[in-house]
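Everything on this sheet refers to the single structure shown next.
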4 protein chains.
Amino acid sequence: MSKIVLGPNQYGKAENRVVRIYRDTAEHEIRDVNVTTALRGDFAAAHTHGDQRDVLPTDTQKNTCYAYAKEKGIGEIEDYALDLARHFVTDIEPVTGARVVVEEYGWQRLSEHAFVRAGQEVRTAQVTLENDREWVVSGLKDLTVLKSTGSEFHGFLRDGYTTLAETRDRIMATSLVARWRYLHTDVDWGKAYADIRSILLARFAEVHSLALQQTLWEMGKGVLEAHSEVAEAMLSAPNKHHFAVDLSPFGLDNPNEVFHADDRPYGLIECNVTRDDAPDAGPAWQTVAGLS
Amino acid sequence: MSKIVLGPNQYGKAENRVVRIYRDTAEHEIRDVNVTTALRGDFAAAHTHGDQRDVLPTDTQKNTCYAYAKEKGIGEIEDYALDLARHFVTDIEPVTGARVVVEEYGWQRLSEHAFVRAGQEVRTAQVTLENDREWVVSGLKDLTVLKSTGSEFHGFLRDGYTTLAETRDRIMATSLVARWRYLHTDVDWGKAYADIRSILLARFAEVHSLALQQTLWEMGKGVLEAHSEVAEAMLSAPNKHHFAVDLSPFGLDNPNEVFHADDRPYGLIECNVTRDDAPDAGPAWQTVAGLS
Amino acid sequence: MSKIVLGPNQYGKAENRVVRIYRDTAEHEIRDVNVTTALRGDFAAAHTHGDQRDVLPTDTQKNTCYAYAKEKGIGEIEDYALDLARHFVTDIEPVTGARVVVEEYGWQRLSEHAFVRAGQEVRTAQVTLENDREWVVSGLKDLTVLKSTGSEFHGFLRDGYTTLAETRDRIMATSLVARWRYLHTDVDWGKAYADIRSILLARFAEVHSLALQQTLWEMGKGVLEAHSEVAEAMLSAPNKHHFAVDLSPFGLDNPNEVFHADDRPYGLIECNVTRDDAPDAGPAWQTVAGLS
Amino acid sequence: MSKIVLGPNQYGKAENRVVRIYRDTAEHEIRDVNVTTALRGDFAAAHTHGDQRDVLPTDTQKNTCYAYAKEKGIGEIEDYALDLARHFVTDIEPVTGARVVVEEYGWQRLSEHAFVRAGQEVRTAQVTLENDREWVVSGLKDLTVLKSTGSEFHGFLRDGYTTLAETRDRIMATSLVARWRYLHTDVDWGKAYADIRSILLARFAEVHSLALQQTLWEMGKGVLEAHSEVAEAMLSAPNKHHFAVDLSPFGLDNPNEVFHADDRPYGLIECNVTRDDAPDAGPAWQTVAGLS
């Protein structure tokens, strides 16, 4: 008969909203982040007997996030995440693995010490430490883009449930999630991020699209071609449908000028673009057994 | 004994997500709006007897929003809202009043026909027609701003429930809602909007603040001083608290460098800045009997 | 030339998330509320000169909400709101008016001291004190209801933008907001709330509806007929459209069995049902000059 | 030199909001679901050349969801998801794998054909078909529970960043996500769901908790002990902190009666409880290469 045992597990403090002001000169700098830490190791006793002797409280993890913002500062979010993850794995004996996820919100300068939130998009970093190895996945989310032409969709497979008309001209819009795994940690994170973001936007704008799949592939390929330090890129894109409204009942034509932006359902296209010799991703993306 | 009667009422179609592309030249333009219409009049029969003969369906209101995006186009949102409101009041016999609310989302150009969503803020317009008069309230919301210094709070009233420490230096951050009522409709809406937004940002940045109240007052005053066509301005600002974290248990000082950005509760400061001779606002702001 | 002056204003602490446990016996009780306070009075100096001497900090208002949960307890939310509002107006000299809004979340008992959140709906109370008078508006929101038949819509006004087909049978669904103003404060709040909620649900279920307007009217009328202590009721109801899907391309009929539940746009129907001799509502519902 | 290639990918239609009414008798039944489909297979040509000949449109997937609600009906969501997944893999030649995720919203009966939304929690099912095998993971989310006593936290590991006080009595609250993988598909899904939900609630209420980890373990163990058809259970629980408010500045004691319910940060505890002889989960939970 089977025995019931503890499987994969992790615990941490989610969504620490850390704001770091650099104010050494009259011109202040701001770093605005949302940090989540998760620790892994042998925490069986905490589960099966409520024995906390090996459990560093999530409250302590929170304190560490704030203290490190002062001790180490917050430069690039990848470094901040690595610092935190290395600390937990190195300094806290029962901890054998860690995942740290950071989201960063952008601000635009108004004056020496006033700022306005810039854009909707969020820069992201996910760092995983396990078995003396480190994985860094950087990315962005909520990057909302739209093309008013230059997008087709036709020649698709049809079955008995297919009613969709083919089109040679449609709006293509998405709220992009892009994440890319680095081959190592010897990277100028900020420079790489800015350049990859530019490539994603440029490829979205330039590629004459026969399918959202093709656009994503071209975006991912563009990133890998330009960045040898990137092993693979993952792109996830809701197809935010814009339906041309039938205005003929009102005696009006509508040559793709008036659209209804619909909410749900939406297409969801996801793909990974990789190198044929990319080393194994290990736990870089992994969400084990349903864990986040 | 009292008789039960129908009080104020209105009905309409909320959140029509209209996107209008101008594509007459290679360089496309995009207008992305969220339109809500509400009609007022004597609709007692619809309520008390289910008699719809005077009720223009909300579906028709929706159609009109889309059709007008073609027929009239979408230029400035105030004009689009006025066109719709005037149509309903003028052309639909039982309709004696109308309110049209438009939100506009900004896009930044990537190429001739590709765009990326710009900023978080939303431009707004609320138009009310009643008794042959027209009121226009323009505004913005979700304009998130932060000052890393130049904000104090002290000398306040204290009672037995007061524990707050005085401060000479704190972060001040808010997600501003600003709305202003125009004296008439002979306004260059787009130019006025851009200039008022600039004034709001500049005053936020420039004013050395002794209280969020003072900053709001100065913002409102700045708008009225520069814009004689504005009767009054309403400013609503959550005080998004950023608490300096006590790092002393870790042997670290924190001279306003590391903050926790808290969610709830938040201060909520609201004020109206007006002219002493401003004509009555009538129903411009009004939400009658709890109606939206 | 006009002078720029301070208009209506208020300030307070929004969304204090107070949880009160009664644990005097083994069977605990829980009250889970979200409290917002706003104070009114002559706060001109705080705005124009940053002079805080008359300003009771929003932090103090927060403290008071938590302290009152102990001192006065949290029984019915109307009493809790009245206690807070009376305190501010009576005990804090510069305060001449107050508004306190409370939302309450329901819990269902699992054991003596374990609970599970019950339902989506939220009970609400809004109390306004001004000029030695008190107004109480109670209500609920997010009460989501649906009828799978017994709803028609036809005989409506048509114009050139009308395409809607008439229907003798449709789904009617809404997420109801209902609020009612009491004539006085000598009310058994909990009993009245429970009974009014029952009436609203019963009328929704029973009324064969020719329009959402009619259903709202009948709900409001039902409340006023049964509750002489209620002056008026306000009902706001999004018409959450459920569109019967055309399955004929797949050789299937669809006699109102399969629907798409759409998000936006939605109809929005709002009405007030009142007594012909109801005393003036004063500031009970009022949101002055765009203030909340 | 490395070659850039397409990695894992999938595409589908997300969040089809299907409502199915059974109206064969006067007492109607309602099934209210949110369905997401994703297809897997060799879709390289669509990515690299925009060639859609093997791509069944997401619009067709949507149509199929609605058509199946009529053709097959919506009984238990696991069956509905399996029907859809099997159809795509069996009937659509290029499709070699499928994932279908269904969320179900509960309704409580008011009358023969009127209903009110019940509770906040959502029942979930995730079905994965690959390589002629089928995996079913059922679950629930947004089940918000709270214990007002019977929860301790002490004896934990301390480091230089630890400031947390030990406690012998605290509020424990969470919004539970629970998911469990079935060993096969020969299950009475509805009966199993109802029973597992009961076990989760009962264990939460009964277990005197020394840590949220322990409570989750006991919940998972309870499920596996009672349900031999379940291979493993995954529990993810935000620790929704309720902080006892310090009322001593106001001369009040607070023996765990008044709490502030905080939003962020929150603890996040996740664990998997499994059988030592559980067969490999394969792709049941898997999100490959960052895909959802």
Side-chain angles (χ1 to χ4, degrees), chain B residues 2-17 46-48 50 52-60 62-64 67 155-157 159 161-164 179 210-211 213-214 217 221 224 232 234 264-277 285 287 289-291, chain C residues 2-17 46-48 50 52-60 62-64 67 155-157 159 161-164 179 210-211 213-214 217 221 224 232 234 264-277 285 287 289-291:
Chain B
S2 69
K3 202 181 141 196
I4 297 168
V5 295
L6 183 67
N9 61 88
Q10 64 181 13
Y11 79 101
K13 194 66 113 190
E15 302 206 34
N16 295 285
R17 290 286 291 105
H47 290 82
T48 56
Q52 308 302 313
R53 82 182 65 179
D54 284 344
V55 173
L56 189 74
T58 66
D59 187 77
T60 301
K62 176 192 74 178
N63 287 346
T64 311
F156 42 76
L157 188 65
D159 72 357
Y161 296 105
T162 303
T163 57
L164 187 69
R179 301 204 288 164
L210 299 175
Q213 278 91 332
Q214 189 191 18
W217 161 259
K221 195 156 70 82
L224 267 64
E232 56 174 336
M234 190 287 296
R264 293 191 295 181
Y266 49 92
L268 184 56
I269 316 296
E270 300 177 289
C271 76
N272 185 288
V273 181
T274 187
R275 298 183 191 281
D276 60 354
D277 61 356
W285 305 101
T287 61
L291 270 57
Chain C
S2 70
K3 203 179 140 199
I4 297 169
V5 295
L6 183 67
N9 61 88
Q10 64 180 14
Y11 79 101
K13 193 68 115 191
E15 301 206 36
N16 296 284
R17 289 286 292 105
H47 290 81
T48 57
Q52 307 302 312
R53 83 184 62 179
D54 284 343
V55 173
L56 189 74
T58 65
D59 187 77
T60 300
K62 175 193 75 178
N63 287 346
T64 312
F156 42 76
L157 187 64
D159 71 359
Y161 296 103
T162 303
T163 57
L164 186 70
R179 302 204 288 165
L210 299 176
Q213 278 92 329
Q214 188 190 21
W217 161 259
K221 194 156 71 85
L224 266 64
E232 55 176 334
M234 190 284 298
R264 292 191 298 181
Y266 48 91
L268 183 56
I269 316 296
E270 299 176 289
C271 75
N272 186 287
V273 182
T274 187
R275 298 184 190 281
D276 60 353
D277 61 355
W285 306 102
T287 62
L291 274 56

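Just so it is clear: chains get the letters A, B, ... in the order the sequence lines come, proteins before strands, and each one is counted from 1.
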For this session: Kindly compute the distance separating NZ (C/Lys62) from CZ (B/Arg264), expressed to the nearest 0.5 Å.
Result: 14.0 Å
Problem set entry | Inter-residue atom distance C/Thr60.OG1 - B/Tyr161.OH, 0.5 Å rounding | 11.0 Å
For this session: Could you have a look at B/Leu210, B/Val55, B/Asp59, B/Val5 and say which one has the most heavy-atom pairs with chain C under 4.5 angstrom?
Result: B/Val5
Problem set entry | From CG (C/Leu6) to CD (B/Gln213), nearest 0.5 Å | 10.0 Å
Seminar exercise, completed: Minimal heavy-atom distance between C/Lys13 and B/Gly267, with the atoms involved, is CD-N, 3.7 Å
Problem set entry | chain C interface, residue from B/Leu56, B/Thr58, B/Asp54 that has the most non-hydrogen pairs under 4.5 Å | B/Leu56
Exercise. Which pair of heavy atoms, one from B/Ile4 and one from C/Trp217, lies closest together, and at what distance?
Worked result: O-CH2, 3.8 Å
For this session: Check B/Ala211 against C/Ala46 and note the closest heavy-atom contact, atom names and distance.
Result: CB-O, 4.5 Å
For this session: Kindly determine whether C/Asn63 and B/Thr163 satisfy side-chain contact (heavy atoms from CB on, under 4.5 Å), including the steps that lead there.
Result: CA-CA 8 Å; C/Asn63 287 346; B/Thr163 57; 2.9 Å; yes
Problem set entry | Partners meeting side chain to side chain contact (heavy atoms under 4.5 Å, CB included) with B/Ser2 (sequence neighbours left out) | C/Arg275, C/Asp276, C/Asp277
For this session: Counting only heavy atoms closer than 4.5 Å, note whether B/Arg17 contacts chain C via side chain, backbone, both or neither.
Result: side chain
Exercise. Measuring from C/Asn272:CG to B/His47:NE2, what's the distance to the nearest 0.5 Å?
Worked result: 10.0 Å
For this session: Under the side-chain contact (heavy atoms from CB on, under 4.5 Å) rule, what do B/Tyr266 and C/Glu15 come out as? Steps first, then yes or no, please.
Result: CA-CA 7 Å; B/Tyr266 49 92; C/Glu15 301 206 36; 2.9 Å; yes
For this session: Pick one of side chain, backbone, both or neither for C/Asp159, based on which atoms fall under 4.5 Å of a heavy atom in chain B.
Result: both
